[in-house]
Structure formats: structure tokens, C-alpha cells
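Remarks on the structure that follows.
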Amino acid sequence: MSILLDINFIRERPDKVKDSMRKKGEEEIDIDELLQRDSHWRRLLQKLESLRAERNEKSKEIGQRKREGMEADDLIEEVRLVNEEIDSLEGNVRELEGYIEEAMINIPNVLHSDVPFGEDEEANVEVRRVGEKPSFSFEPKAHWDIGAELGILDTEQAAKIAGSRFNVLKDDAARMVRALINLMLDIQVGKNGYREIYPPFLANRDSMIGTGQLPKFASDVFLIEKFDYFLIPTAEVPLTNLYRDEILRADDLPMKFAAYTPCFRAEAGAAGRDTRGLIRRHQFDKVELVQYCLPEESYDVLEEMVSHAESILQALDLPYRVVLMCSGDTGFPQTKKYDLDVWMPSYNEYVEISSVSNFSDFQARRSNIRFRREKDGRPEFVHTLNGSGLAISRTIAAIFENCQTEDGTVELPASLQPYFEGRRLIDG
RNA sequence: GGAGAGGUGGCCGAGUCUGGCUAAAGGCGCGGCACUCGAAAUGCCGUGUUCCCGCGAGGGGACCGUGGGUUCGAAUCCCACCCUCUCCGCCA
């Protein structure tokens with residue numbers, strides 16, 4: 001695939017790029033060396049192209065002479081010599097292009113100016129808290145204990161089937177997955193205006209590069225080597241690649257997509273954390289939101305999408321907070337990101353349940369998704385955003401914990417009851 | 001899995017046998033103009049992407065699924081790969 005990353009931006013604003021790299025803690029690429037090789041590349045390219053022009057012109061003349069029945073051996077010999085020069089130059093040019101492309105793909109997206117500087121979650125900024133934390137007259141249990149005691153959550157059987165970090169859900173827990181998929185899509189599609197998509201759960205390498213999962217996060221995803229297919233770590237991958245290599249009409253923007261998919265993550269770096277329960281699994285479920293929009297609108301869309309994710313938490317009456325990520329927690333491809341954290345009584349803290357990010361044109365460049373403002377206008381890259389709306393497994397954990405009763409049952413939020421034939425309680 | 005057909009511009013579709021005058025006929029769509037009270041119909045004109053140099057005017061390179069090869073020269077010939085479609089088989 002050809003990577004259309006904008007080296008112009010780096011040529012013009014190298015300091016801004018370096019600053020973002022430093023703040024994100026992503027400094028593997030030497031920008032100065034990149035710029036040096038870039039100017040070297042351009043010098044050689046000019047030479048190469050003028051040689052090609054010479055070859056084209058002489059070849060044309062050869063053709064003309066032959067048609068007129070004339071000799072052209074002298075010209076053929078001349079072109080042969082030019083070709084030798086072209087061959088050696090092409091080698092150099094390709095080598096430089098390889099270096100530049102490799103470097104470009106490893107440069108993170110530039111941060112938005114709102115993003116606070118900081119290395120880790122300490123520096124994240126809480127924007128607001130919504131909802132009342134429940135108060136219990138008893139010691140609240142962890143969701144995995146609630147699930148196990150109700151006989152609807154089983155990790156040992158899951159281990160037999162697949163190994164650690166998987167779950168088997170049964171009865172009302174299994175049904176809750178289905179209920180939440182419906183509730184979330186009903187709201188995102190019915191009220192918030194998204195188009196419902198049911199995509200493939202496997203993606204090819206180009207798609208993974210397009211959204212930025214590769215090459216940076218190769219160790220976090222499952223790969224089916226025999227076919228070079230990746231299990232999608234999020235529906236962001238298929239949804240953002242829907243319009244890869246296309247030029248959209250400005251009138252069609254924004255385009256809004258919502259999809260339920262399972263998500264698969266190797267989570268190699270997270271060993272030892274959240275080993276129990278539904279929080280950190282190799283397989284989980286999620287309804288994902290993706291928007292393609294005009295560049296000048298993407299930060300408004302970001303706020304809008306946060307509210308769309310919030311609408312689910314509010315529908316479920318779960319207490320949560322909205323947090324603006326600091327530079328160190330803003331991922332490689334993102335310019336600005338909010339997390340929604342749900343209150344988890346057994347942790348006695350808030351746990352991430354949604355993440356909403358602006359990728360500006362980062363993914364659009366890699367996926368070559370563009371739009372045209374005017375009939376004769378030049379194509380520009382769209383901006384892409386995505387957000388969870390929400391992570392279903394964690395939503396189930398949050399419902400179990402926040403809605404538990406002293407006798408170990410779970411009271412269903414009102415919005416979920418219709419999906420349980422009007423029942424109000426999960427009691428095994 | 002077996003047999004066959006095919007991948008050309010926003011879309012459809014010629015060109016491939018017989019390599020050069022082909023960024024590529026024609027049509028549709030789209031934009032503009034004319035005709036009209038207005039519209040339809042009709043007519044005329046214009047309509048690919050990308051990179052490099054240049055303030056600009058402009059000049060040049062690349063691109064006909066992808067990657068190699070042959071040749072002075074490749075959409076066109078050769079090789080490999082990918083994908084799509086049709087039929088048959090198998091399968092949830």
C-alpha cells in the first residue's frame with residue numbers, strides 16, 4: 001500500500017511534531033535525520049525525472065523514425081546509456097523512500113492544544129461527574145463473585161475451552177449481552193443518528209495499518225498467520241476502513257456508523273492486572289461509534305460523540321465521570337481523547353468503560369479517505385473519530401456491582417427491563 | 001476444492017490478438033453556457049489522481065488490480081501474486 005502521510009507538515013512545522021512526540025513519550029524517530037533524507041531524496045528525484053524525460057523524448061523519436069522507415073541505432077544506443085544512469089539512481093531513490101515511509105509511519109499524530117501535559121493518569125483532567133454513587137448498607141461484592149454465586153459467570157469452563165482471560169456467560173448474563181447490544185444500538189441508531197453496520201470480524205493487514213493498529217501495536221492483536229488475517233481488536237478497524245481509497249462528497253459528511261462486534265485483544269502487556277471478572281479479557285463485546293467529518297468540525301464532533309456515549313450510561317443510570325486524557329495517555333494516532341469511567345463499587349474507583357478520540361487526518365491519510373468540497377476542488381483528507389458506545393462486558397460488570405442487593409441478586413435498570421420481558425431482578 | 005470469465009478514469013465501457021502518434025474512444029453522471037416565461041428535450045464547452053521543480057505562468061515524472069521481467073519504448077508481450085464474478089462440488 002502506498003502511505004500518503006503528509007511530510008509537508010513535518011517540513012513546515014518540525015518543532016510542533018517534535019513537541020508532540022516528546023509529550024507523548026514517542027521519540028523513536030529522528031525528525032532532523034528524516035528531513036535531511038527528505039531533501040536528499042528530492043534532489044535525486046529531480047535528477048531521475050529529468051533523465052526519464054530524456055528517455056521518453058528519445059524513445060518517441062525512435063518510434064517516429066521507425067514509422068518513416070529510418071535507422072535509429074544511434075538513438076537506441078543513447079537511450080541505453082541513459083537507462084544505465086536511471087537504474088542506479090532508482091536504487092538510491094527507492095532506498096530513501098523506504099526510509100522515509102518507515103519513519104513516517106512511526107510518527108505519532110500531533111496533539112491538540114487543549115491536551116494537558118503529563119506522563120500518566122495522574123495528569124488526566126476530570127471534566128465532570130454524573131450520577132449518584134450507590135450507598136450500600138452491606139459490603140458490596142465484586143461482579144465476578146456476584147456472577148459466580150448466581151451461577152451465570154464461569155471462568156473455569158472458559159479456561160477449558162480457550163484458556164485464561166475468557167468467560168462463559170450463562171442465562172441472564174448471556175441474555176444481558178444481547179439486551180445491551182440491543183439497547184445500545186437502539187439508542188445510537190434510533191436517537192443519535194448512526195447507521196447500523198454489521199462488519200467482518202477479521203481484517204487484513206492494510207486495514208490494520210489504515211487505522212494505526214499496525215505496526216505499532218502488533219503484539220496486542222491476534223493474528224491468524226495462515227491467512228494473514230487479524231481478529232479485530234475493535235470495530236473501529238472495519239468501520240474506519242469502509243471507505244478506504246475513496247473520495248467522498250462533502251455533502252455526505254458527517255457520516256456516522258455504529259456497529260456491534262466482539263473484540264479480540266492479546267493484551268500482552270497487561271499480565272497480572274484485572275485477572276478476574278469481565279474487565280480485561282481476550283474477547284469482549286462492544287458497540288462502537290465512528291464518524292467521518294469535515295476537518296473544521298472534528299472537535300465539535302468529538303464533544304458530540306462523548307455525549308452519545310454518555311447517553312448510554314445515563315439510560316442505565318450508572319454513575320460515571322468524563323476525563324480528558326493527558327499527553328502521555330493520548331494514544332499514538334490520536335490528537336485528543338476522553339475516557340468515560342464508570343463507578344465500580346468493589347474497586348472503590350472509576351473504571352474505563354468508553355474512550356472517545358479524535359484522530360484528525362491520521363487514519364484518513366493511512367487509509368486514503370478523502371472528500372471534495374467543490375466540484376473542481378482538490379481532494380482533502382476527512383477527519384475520523386471513534387468512541388465506544390459502550391464496552392458491553394464492562395457495562396455488565398458495572399450493572400452487577402452498582403445494582404446488587406444484599407441477598408446477592410441484581411436489580412435491572414429500568415431501560416433494560418423490556419429486554420427481559422419486564423422482569424426487574426436477576427436472581428439466578 | 002474443480003472449471004471458466006474478468007480487474008482500465010466518479011460509474012459503464014473500448015483499446016490488449018497486430019507494443020510507439022493513448023491519460024487513454026464512446027456513453028452516463030457532474031459543472032458551465034445557449035435555446036426557453038420556466039422546465040424538459042436539444043446543442044456547445046469543460047470535467048482523473050499523484051509527486052517533484054517554480055512566487056506564478058508553467059515545466060516534468062509516475063499511475064490502466066499488485067509486484068517483477070522483456071524492450072530504445074508496455075494498458076498492450078512474459079512470469080508470479082491478489083481480488084471479483086459465474087457454474088459445479090462441499091459446508092453453518
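As a basis for the values below, the full set of heavy atoms in this structure was taken, side chains included, without hydrogen atoms, waters or symmetry mates. In what follows, chains carry the letters A, B, and so on, assigned in the order in which the sequence lines appear, proteins first and then strands, with residues in each chain numbered from 1. All figures in this text were calculated on a predicted structure; none of them were measured in a lab.
Of the candidates B:G60, B:C52, B:G68, B:C52 carries the atom nearest the A:Gln46 side chain, counting heavy atoms from C-beta on. Considering only the side chain of A:Ile62, B:G20 comes nearest among B:G73, B:G20, B:G48. Comparing B:C52, B:U50, B:G73 by their closest approach to the side chain of A:Arg370 singles out B:U50. Nearest nucleotide to the A:Arg42 side chain, out of B:C52, B:G73, B:G60: B:C52. You'll find that the side chain of A:Arg378 is closest to B:U50, out of B:G73, B:U50, B:A62. Of the candidates B:C51, B:U49, B:C21, B:C51 carries the atom nearest the A:Glu49 side chain, counting heavy atoms from C-beta on. Of the candidate nucleotides B:A62, B:C51, B:G60, B:A62 has the atom nearest to the side chain of A:Asn56. Candidate nucleotides B:U49, B:G73, B:A62 were compared by shortest atom distance to the side chain of A:Ser59, and B:G73 ranks first.
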Are A:Asn386 and A:Val356 close enough, and set up right, to give a side chain to side chain contact (heavy atoms under 4.5 Å, CB included), and what steps lead you there? CA-CA 6 Å; A:Asn386 68 52; A:Val356 185; over 6 Å; no

Pair A:Tyr243, A:Asn368 - check side-chain hydrogen bond (donor to acceptor under 3.5 Å, both in side chains), show working. CA-CA 8 Å; A:Tyr243 291 91; A:Asn368 196 24; over 6 Å; no

Residue pair A:Tyr229, A:Asn204: steps toward the side-chain hydrogen bond (donor to acceptor under 3.5 Å, both in side chains) verdict: CA-CA 5 Å; A:Tyr229 280 141; A:Asn204 59 28; over 6 Å; no

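Searching all strands for a Watson-Crick or G-U wobble partner of B:C72 with both distances below 3.5 Å returns B:G20. The partner of B:G6 is B:C83, judged by Watson-Crick or G-U wobble contacts that both fall below 3.5 Å. The partner of B:C91 is absent, by the rule that a Watson-Crick or G-U pair needs both atom distances under 3.5 Å. Base pairing annotation: B:C55 forms no Watson-Crick or G-U wobble pair, as no partner gives both donor-acceptor distances under 3.5 Å. B:A40 makes up no base pair with any nucleotide shown, lacking Watson-Crick or G-U wobble contacts both under 3.5 Å. The partner of B:C63, taking Watson-Crick or G-U wobble pairs whose two distances both stay under 3.5 Å, is B:G48.
Under 4.0 angstrom from either OP1 or OP2 of B:G73 there lies no side-chain N or O belonging to A:Arg65. Contact annotation: A:Asn83 side-chain N/O to B:G73 OP1/OP2 distance is under 4.0 Å.
A:Glu84 has no carboxylate O lying under 4.0 Å from a charged side-chain N of A:Arg80, or vice versa, which leaves the two without a salt bridge.
Rounding to whole angstrom units, CD of residue A:Glu71 and C1' of B:C72 are separated by 13 Å. Going from atom CZ of A:Arg205 over to atom C1' of B:C82 covers 15 Å, rounded to whole Å. To the nearest angstrom, C1' of B:G10 lies 8 Å from CD1 of A:Ile247. Protein atom CG of A:Asp228 is 13 Å distant from nucleotide atom C1' of B:C81, rounded to whole Å. Distance A:Asp245 CG to B:U49 P: 15 Å, rounded to the nearest Å. One atom, CG of A:Asn204, and another, P of B:U66, lie 16 Å apart when rounded to the nearest Å. Here the P atom of nucleotide B:G60 and the CG atom of A:Leu44 are 22 Å apart, to the nearest Å. At whole-Å resolution of the value, NZ in A:Lys66 and P in B:U71 are 13 Å apart.
Separation of the C1' atoms belonging to B:G54 and B:C33 is 34 Å when rounded to the nearest angstrom. Of the C1' atoms belonging to B:U66 and B:A3, the separation is 25 Å, rounded to the nearest Å. Spacing between B:G13 and B:U18 at atom P, rounded to whole Å, works out to 26 Å. Only the P atoms considered, B:A5 is 22 Å distant from B:G9, to the nearest whole Å. When the C1' atom is compared between B:G46 and B:G4, the two are found 43 Å apart, to the nearest whole Å. Annotation: B:G48 and B:A23 have their P atoms spaced 14 Å apart (nearest Å). Taking atom C1' in both B:C88 and B:C12, one finds a spacing of 30 Å when rounded to whole Å.
For the side-chain contact (heavy atoms from CB on, under 4.5 Å) test with A:Val93, the passing option among A:Glu95, A:Glu97, A:Glu90 is A:Glu97; the others fail.
For the 3.5 Å distance criterion, the side chains of A:Glu236 and A:Gln363 qualify, holding a donor opposite an acceptor.
By the 4.5 Å heavy-atom criterion applied to side chains, A:Met305 and A:Asn192 are not counted as neighbours.
Take the nearest nucleotide of RNA chain B for A:Glu54 and for A:Lys60: the residue whose nucleotide is more 5' is A:Lys60. Judged by closest nucleotide on RNA chain B, A:Asp38 is the one of A:Arg94 and A:Asp38 placed further toward the 5' end.
Among the protein residues, A:Asp73 comes within range of no part of the nucleic acid, since none of its heavy atoms lies under 4.0 Å from any strand.
Below 30°, between 30° and 60°, or above 60°: for A:Trp144 and A:Tyr347 the angle between ring planes is above 60°, a perpendicular geometry.
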